[in-house]
Amino acid sequence: MVPFDYYPRTRIVFGPGKVEELGQLAGELGARRVLVVSDPGVIAAGHTARGITSLEAAGIETQLFDGLVENPTTDNVDAGTALARRFEPELIVGFGGGSSMDCAKGINFLFTGGGRMQDYRGTGKATRPMLPMIAVPTTAGTGSETQSFALISDAETHVKMACGDKKATFRVALLDPMLTVTQPQRVTALTGIDAIAHALETYVCRVRNPASLAFSREAWLLLADNFQHVLDDPTDLEARGGMQLGACFAGLAIENSMLGAAHALANPLTTNYGIPHGHAVGLALPHVIRFNGGEVGRWYFDLLECTAGSNGYPSPETGADGLADFVANLVRRAGLADRLSACGVERGRLEDLAAEAAKQWTGGFNPRKVGPAELLSLYEAAF
Ligand SMILES: [Fe+2]
């Protein structure tokens, strides 16, 4: 029996056009002054303005912060915090992809608790109450909207820091699939693969439990099918909604369990070669599934039973190998290279990368033990 503590912290409001309710939801949380954290791409698409209009229609004063980049840095968080100190918000909205949501969390840490972002690395470092926050995701991927972690890169060392605290969880995740329709195809591909990896890694991780499994399983059902639909027809709102919910549930699965070796292998590829996170995870995941199959093949069989008979899914009997082939095929369908050698990675550096991957804490949750030797053979298999 696996002990767990499932505490729902995030209200999930889902549906087309729901962004119009942002003002009402912020008002319900008692806010009169709201800092909106959003990135320039999402602002240019006109989405952020719709949220701000809704806030202002509810009589709420707003301040926009747009000084953030993909994979937000400590400099971005510092700039947002300086703006927050002048404006004194009562609530923060993270409006955009994972970068906007993580930056909003980072600003909240520093605005309410002071110090530097580095002080919050790890878990449970916030000692003071934090401002309530609302997430409005415009991609279907990271699941940051239902997680208590902010990923912030150290501007000097470029190390990605995971800063987590239950107080940094969004109070509301406002999921409007209409906001995800305008994503560039490449963003759809990268974030979709990442979300699928979240569902599959949480499903077999060492700390999986009945609560996390419920979210992993539903996320898998929603993502695997709808991913193919959104690649074929980006305007398919039903499929976009499925992706958005799937990514959100996968985020809840992470929040209630952990990830595994594919994420451990992915991080050094991003740091050293700039391979986007979703792509890096997609390069590693099929090989990790095959490797894990030696130990937890039964679990993959169980997962495939949920989709048995559905169009295009591997049969349960094919187990880890069938699932790995299916995922590799999704990566190719998404238009992403499926070998490390095609992404500029040098064979001579695999050993160093494996040593780096071994230091990633997510690897410790992989169902089959992974040290530098196992991670090296996984890189070699993916080369
Ligand atoms: Fe991820």
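Residues take their numbers from the sequence shown, with the count starting at 1. Just so you know, ligand 1 is whichever comes first in the structure, and atom 1 is the first atom listed for that ligand.
- Counting heavy-atom neighbours within 6.0 Å of R332 CZ, excluding the residue itself, gives a total above 12.
- Protein atoms of type N/O/S that fall under 2.8 Å from the Fe ion (ligand 1) number 4 in this view.
- Looking at E20 and R50, a side-chain N of the basic residue comes within less than 4.0 Å of a carboxylate O on the acidic one, giving a salt bridge.
- At least one donor-acceptor pair closer than 3.5 Å links the side chain of N76 to the backbone N or O of T73.
- Under a hydrophobic-cluster definition in which Ile, Leu, Val, Met, Phe, Trp and Tyr are linked whenever side-chain heavy atoms come within less than 4.5 Å, directly or via other members, L25 and F95 are assigned to the same cluster.
- Applying the salt bridge (Lys or Arg N to Asp or Glu O under 4.0 Å) criterion to R290, with sequence neighbours excluded, gives D325.
- Under a 3.5 Å cut-off, the side chain of N108 and the backbone N or O of L131 do form a donor-acceptor pair.
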